[in-house]
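Here the structure is a predicted model, which is why all the values come from computation and not from measurement.
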Amino acid sequence: MYIIEMRNITKEFPGIIANDDITLQLKKGEIHALLGENGAGKSTLMSVLFGLYTPEIGDIYKNEEKIKITGPNDATKYGIGMVHQHFKLVHNFTVLENIVLGVETTKYGTLRMDDARARVVELSERYGLAVDPDAYITDITVGMQQRVEILKMLYRENEILIFDEPTAVLTPQEIDELMNIMKGLIAEGKSILFITHKLDEIKRVADRCTVLRRGKYVGTVDVAPTEVEVLSEMMVGRKVSAMVEKPELQSGEIVMEVKNLTVRSKIHHKTVVNNVSFNVRAGEIVCVAGIDGNGQSELVYALTGIAPADSGAIELNGESITNMPIRKRNESGISHIPEDRHRHGLVLDYNLAYNLILQKYFTPRFQQGGFLRNNEIYKYSDGLIEQFDIRSGEGSHTPTRSMSGGNQQKAIIARELDKQPKLLVAVQPTRGLDVGAIEYIHGQIIKARTDGAGVLLVSLELDEVMNVSDRIIVMYEGEIVADVDPKQTTFAELGLYMSGAKRDEVTA
């Protein structure tokens, strides 16, 4: 018997069939993985189940009884909860306010938060999801926001749990904890639908796996006897290489020099980047590794101009850019693939073409006499869409908000790499992407390196750190505690540096 059955679901958007006659069956007490490329229709299918979208064709059954879900409140009524890939949080509310939003406890018309606070604290301790209930969402890291989303679902005591790319922003240790949490939830009688691109995670926790490709159903397999290579080929329709191939390092002159950089948090007024010095050379990939929340985000904000540094100096090709505005930094040769593509990478209500010219719209090529030259803009955009394989239902006219997360990421990468930068700052560039897209993006980063750009890669993925980088610097509590060669270190040693258990004497 299936606790949830989605039969013959078809969901269309302008120019694209996102779900084409898909049937998905979830058994009670199982972890069922949903696998597919970016844009395959996984999140759309789960959004139908959660009531965010209404399908043109198809029905949903719970315990073999047909149910109608017209919105998230209906989904909650039927015990369905969802942790979204792009978080559904109110940024100027606190963590606690976000968790209880929609299921508030009131007395005589007044909010009663004491019981809610106690329950949230209990849940966070029980599941190892430490959060500050009084912190505002706008002030916490992406990893912390993920924890809030999970706590929202646990707070509502849902029995059918949808996890949409839940590990995309978590560290290896946090992923291990989440896997254990998921197994614990199953032991308590819950059922889980688990969207992920990470095949090793499917092998670790999933019982069965359904594969989608370009909106169509490919098949459902038992995970234990199925090889990873088979799942990968089902997903992308071809064999994919997990190895990152790159030419031997041919580093040149120093592109960026960071000297004694210190950044204080504007919220807590604590030093979050403490006297950091390092450099990046032309033709070199330097990776900043570390557990999320150890100053990497603030370091990138200072380098790219999103936030000011408190002291120290930043030089690009020997010229000081410490106090230079963002546009000037861009024009000087910095490209930035941001950590949060929605907050710092895209204007979601603009179409794809306008997002691709965000940093060039004022140049003579794209404007004349203060008026945009739309013919030139769309011609340029069409070229990038083809070159970088950005999949969008209406081409250059596609509303960016309607695109899959992976294709939004490809749009940012296309825009930033087309500038042929001297320095590429790439923060979590493959977050939430499938193996095919990861292979492609790693290839693009290595091409930028081969073309002579210096690359500063910030990543929480240790496989990515070890395979892509030429040099690794590790940040712990705002300081650089190691500067190592990936060929001369191990995952275990990196873990010790990241946890603060070991410090390189050279950096001390």
**OP:** Before giving the answer on side-chain contact (heavy atoms from CB on, under 4.5 Å), spell out for K360 and R415 the whole-Å C-alpha distance, their side-chain angles and the decisive distance to 0.1 Å.
**Re:** CA-CA 10 Å; K360 296 182 176 181; R415 182 184 69 213; over 6 Å; no

Using a cut-off of 6.0 Å, state whether more than 12 heavy atoms not belonging to [X] lie near its atom [atom1].
{"X": "E253", "atom1": "CD", "result": "no"}
{"X": "R214", "atom1": "CZ", "result": "no"}
{"X": "Y350", "atom1": "OH", "result": "no"}
{"X": "N375", "atom1": "CG", "result": "no"}

Contact between [X] and [Y] at the side-chain level, heavy atoms closer than 4.5 Å - yes or no?
{"X": "I99", "Y": "V95", "result": "yes"}
{"X": "L372", "Y": "Y354", "result": "yes"}
{"X": "L89", "Y": "K152", "result": "yes"}
{"X": "V121", "Y": "E125", "result": "yes"}
{"X": "H336", "Y": "V427", "result": "yes"}
{"X": "L199", "Y": "L35", "result": "yes"}
{"X": "H344", "Y": "T304", "result": "no"}
{"X": "P72", "Y": "L52", "result": "yes"}

Check whether [X] reaches the backbone of [Y] with its side chain - one donor and one acceptor, N or O, closer than 3.5 Å.
{"X": "S124", "Y": "A130", "value": "no"}
{"X": "Q146", "Y": "P166", "value": "yes"}
{"X": "E284", "Y": "G454", "value": "no"}
{"X": "N279", "Y": "I254", "value": "no"}
{"X": "N98", "Y": "V90", "value": "yes"}
{"X": "R117", "Y": "L96", "value": "no"}
{"X": "R341", "Y": "G406", "value": "no"}
{"X": "Q367", "Y": "Y361", "value": "no"}
{"X": "Q408", "Y": "T400", "value": "yes"}
{"X": "R329", "Y": "I321", "value": "yes"}

**OP:** Take S47 and M82, measure what side-chain contact (heavy atoms from CB on, under 4.5 Å) needs, and give me the verdict at the end.
**Re:** CA-CA 9 Å; S47 293; M82 184 169 180; 4.3 Å; yes

Got a second to check how far [X]'s [atom1] is from [Y]'s [atom2], nearest 0.5 Å?
{"X": "I140", "Y": "H91", "atom1": "CD1", "atom2": "NE2", "result": "9.0 Å"}
{"X": "Q359", "Y": "D418", "atom1": "CD", "atom2": "CG", "result": "11.0 Å"}
{"X": "N407", "Y": "T398", "atom1": "CG", "atom2": "OG1", "result": "9.5 Å"}
{"X": "N355", "Y": "L348", "atom1": "CG", "atom2": "CG", "result": "7.5 Å"}
{"X": "L494", "Y": "T489", "atom1": "CG", "atom2": "OG1", "result": "4.5 Å"}
{"X": "Q420", "Y": "D451", "atom1": "CD", "atom2": "CG", "result": "7.5 Å"}

Please report the closest heavy-atom contact between [X] and [Y], naming both atoms and the distance.
{"X": "F388", "Y": "Q444", "answer": "CE2-OE1, 3.5 Å"}
{"X": "E461", "Y": "S459", "answer": "N-OG, 3.0 Å"}
{"X": "G290", "Y": "L460", "answer": "O-CD2, 3.1 Å"}
{"X": "I412", "Y": "L346", "answer": "CG1-CD2, 3.7 Å"}
{"X": "A411", "Y": "L356", "answer": "O-CD2, 3.3 Å"}
{"X": "I137", "Y": "Q145", "answer": "O-NE2, 3.5 Å"}

**OP:** Step by step, work out the side-chain contact (heavy atoms from CB on, under 4.5 Å) result for I202 and V228.
**Re:** CA-CA 9 Å; I202 290 176; V228 166; over 6 Å; no

Check ion pair [X]-[Y] (N to O, under 4.0 angstrom):
{"X": "E165", "Y": "K42", "answer": "no"}
{"X": "E201", "Y": "R204", "answer": "no"}
{"X": "R281", "Y": "D470", "answer": "no"}

Subject >> Test: R471 cationic atom under 6.0 Å from F278 six-membered ring centre, within 45° of axis >> reply: no

Original post:
With a distance cut-off below 6.0 Å to the six-membered ring centre and an angular limit of 45° from the axis, does K410 pair with Y440 as a cation-pi contact?
Top reply: yes

Subject >> Side chains of S332 and E319, donor plus acceptor under 3.5 Å >> reply: no

Original post:
Does a side chain donor of either R343 or T138 reach within less than 3.5 Å of an acceptor in the other side chain?
Top reply: yes

**OP:** Test F163 against I150 for side-chain contact (heavy atoms from CB on, under 4.5 Å), laying out the working first.
**Re:** CA-CA 8 Å; F163 286 84; I150 295 171; 4.3 Å; yes

**OP:** Sort out for me which residue in N374, D382, N351 forms a side-chain hydrogen bond (donor to acceptor under 3.5 Å, both in side chains) with S396.
**Re:** D382

Original post:
Can you list the residues that meet the side-chain contact (heavy atoms from CB on, under 4.5 Å) rule with S320, with sequence neighbours excluded?
Top reply: T322

**OP:** Check the angle between the aromatic planes of Y378 and H397 and answer parallel, tilted or perpendicular using the 30° and 60° thresholds.
**Re:** parallel

Original post:
Can you tell which of L456, L417, L457 makes a side chain to side chain contact (heavy atoms under 4.5 Å, CB included) with L424?
Top reply: L417

**OP:** Would you sort out whether E464 and T430 count as a side-chain hydrogen bond (donor to acceptor under 3.5 Å, both in side chains), showing the intermediate values?
**Re:** CA-CA 9 Å; E464 184 168 68; T430 59; 2.7 Å; yes

